[in-house]
K.L.:
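Let me begin by handing over the structure; questions about it come next.
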Amino acid sequence: TNTYSPEYGHSAGAVLSATTKTGTNRIHGSAFEFLRNDAVDAKNFFVAQGSPKQELRQSQHGVTLGGPIAKNKTFIFGSWQGTRQNAGATQVDTLPSAANLAGDFSSLLPKAITDPAAVIPSATGTGFTRTAFPGNIIPASRFAQTSALIDALIPAQNVPGAANNYSVSPVAVNHRDAFDMRGDQDFSNADRFFARYSYYELYFNNPGPLPAPLIGSSNFQQSINNQSGHQAALGETHVFGASLVNDFRAGYNRISNALKPFVSTDIDPQFGIGYIPPHPGMTGLPDITITGYSNLGEAAFLPDAKGSDTLQLTDSLLWSK
């Protein structure tokens, strides 16, 4: 069902084969820098009028260096790459108007906002009817404590209209460092050994559209991500003769991934939100969804910490006959 060789097994995605450099009898190295920034970028079409264009500061840089430890026998090669990126991503959401936040829904008339505490039996004797708030205005005295505290934090609209009236370009921070080190040993013309170790660490802060503690995450990727990876491999190639070659490989891979909320303290009691048992890592406001409007609170499924370990042993014997 696919074109992969048997040793790779069946894969739902891609199979990636990477080859790393080895040192030589001469010292070789390189340095590089790739730079982008918003100085030459156009302004995003959806950025609110009068607001600055989204920020972009991106730098990818690194060095490589390799050479001999013992001529014709032992070699070493290493590299480092650093990525530093601050990138604004324009997000457009819908927020309630200042009148709505004050309880004034007169603009919705003749659609009535009814009082849930004023339910009376219908004149027909079957069912119930609700009494509308006069003028579609909910008195401030009827605001729930939680609603009033959260409403006070919702920013003002910055784009005209009842929908898509809030545009912002929060800056996502992506910092990554990757290191590779490889050593090779030629025991003879027929026997060669190598060992390699790679490590990377990532810090990714991907904010929601609203200020803390509202956040307004639309998915769990809008969080703080601390990630790291280790990879080690060794291999030995032995030539038994002109027609028989053996290649042994061993590899180990570990990836750790930890997503966490932006607010690191349990603030539910401050907003009068009960019935949520305290638990380490479960902090910030819960995910609050109101149909037709921006989400409020932290993303669901946070915190999300996981890791994976993979060990692989392979041996290939090539016989040309």
Side-chain angles (χ1 to χ4, degrees), residues 43-56 85-105 107 138 143-174 203-226 257-276 278-279 281-305:
K43 187 175 181 179
N44 188 293
F45 176 82
F46 295 101
V47 172
Q49 188 174 4
S51 298
K53 61 184 175 182
Q54 65 275 22
E55 179 181 332
L56 176 62
Q85 177 178 285
N86 290 8
T90 301
Q91 302 179 48
V92 179
D93 284 290
T94 299
L95 296 180
S97 66
N100 293 160
L101 294 174
D104 185 349
F105 293 91
S107 60
I138 303 172
F143 288 4
Q145 178 193 20
T146 300
S147 297
L149 291 173
I150 293 177
D151 285 355
L153 300 176
I154 295 178
Q157 303 168 354
N158 58 12
V159 177
N164 298 327
N165 51 31
Y166 183 72
S167 175
V168 66
S169 299
V171 176
V173 177
N174 186 338
Y203 172 77
F204 185 38
N205 186 318
N206 187 22
L210 303 176
L214 292 180
I215 308 301
S217 296
S218 58
N219 61 74
F220 69 93
Q221 297 293 347
Q222 288 180 317
S223 56
I224 296 176
N225 185 359
N226 288 286
N257 190 57
L259 303 175
K260 63 180 182 180
F262 294 96
V263 179
S264 59
T265 56
D266 182 11
I267 60 174
D268 290 336
Q270 301 176 25
F271 288 85
I273 300 174
Y275 310 105
I276 300 179
H279 188 278
M282 290 182 59
T283 56
L285 287 176
D287 183 21
I288 301 171
T289 302
I290 304 173
T291 302
Y293 292 91
S294 171
N295 283 16
L296 303 177
E298 301 275 2
F301 308 110
L302 294 179
D304 179 10

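Hydrogens, waters and symmetry mates are skipped; everything else that's a heavy atom, side chains included, is used.
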K.L.:
Would you compute the distance between atom CD of E298 and atom CG of D287 and round it to the nearest 0.5 angstrom?
P.N.:
9.5 Å

K.L.:
Looking at CG of N257 and CG of D304, how far apart are the two atoms once the value is rounded to the nearest 0.5 Å?
P.N.:
7.0 Å

K.L.:
Do I276 and D266 come close enough that some side-chain heavy atom pair is under 4.5 Å?
P.N.:
no

K.L.:
To the nearest 0.5 Å, what is the distance between CE (M282) and CG (L302)?
P.N.:
9.5 Å

K.L.:
Check Q91 against P170 and note the closest heavy-atom contact, atom names and distance.
P.N.:
NE2-CG, 3.3 Å

K.L.:
State the CD-CG distance between Q222 and L259, to the nearest 0.5 angstrom.
P.N.:
12.0 Å

K.L.:
Looking at side-chain heavy atoms only, is the closest gap between V92 and V159 below 4.5 Å?
P.N.:
no

K.L.:
On a heavy-atom basis, which atom in G272 and which in T146 lie closest, and how many Å separate them?
P.N.:
O-OG1, 3.4 Å

K.L.:
Would you mind reporting whether S223 and S217 have side-chain heavy atoms less than 4.5 Å apart?
P.N.:
no

K.L.:
What are the two closest heavy atoms between P209 and V168, and how far apart are they?
P.N.:
O-CG1, 3.4 Å

K.L.:
F271 and P213: which non-hydrogen atoms are nearest, and at how many Å?
P.N.:
CZ-CG, 4.1 Å

K.L.:
Looking only at heavy atoms, which two atoms of L56 and A87 are closest? And how far apart?
P.N.:
CD1-CB, 3.9 Å

K.L.:
In a check of side-chain contact (heavy atoms from CB on, under 4.5 Å) between P96 and each of I290, D151, N165, L101, which one passes?
P.N.:
L101

K.L.:
With heavy-atom distances below 4.5 Å as the criterion, would you say the side chains of L210 and I215 are in contact?
P.N.:
no

K.L.:
Answer with yes or no whether the side chains of T283 and T265 bring together a donor and an acceptor at under 3.5 Å.
P.N.:
no

K.L.:
Keeping S294 on the side-chain end and L95 on the backbone end, is there a donor-acceptor pair under 3.5 Å?
P.N.:
no

K.L.:
Donor-acceptor pair, N158 side chain versus S167 backbone, under 3.5 Å?
P.N.:
yes

K.L.:
Which heavy atom of G281 sits nearest a heavy atom of P303, and at what distance?
P.N.:
O-CD, 3.3 Å

K.L.:
Nearest 0.5 angstrom please: L296 CG to L153 CG, how far?
P.N.:
9.5 Å

K.L.:
Does any non-hydrogen side-chain atom of Q270 lie less than 4.5 Å from one of L149?
P.N.:
no

K.L.:
Is there side-chain contact between S169 and E55, with at least one heavy-atom pair below 4.5 Å?
P.N.:
no

K.L.:
Could you tell me the separation between the CD1 atom of I224 and the CZ atom of F262, rounded to the nearest 0.5 Å?
P.N.:
5.5 Å

K.L.:
Looking at N206 and Q221, would you say the former's side chain and the latter's main chain have a donor-acceptor pair under 3.5 Å?
P.N.:
yes

K.L.:
State, yes or no, whether a side-chain contact exists between N100 and Y293 at a heavy-atom distance under 4.5 Å.
P.N.:
yes

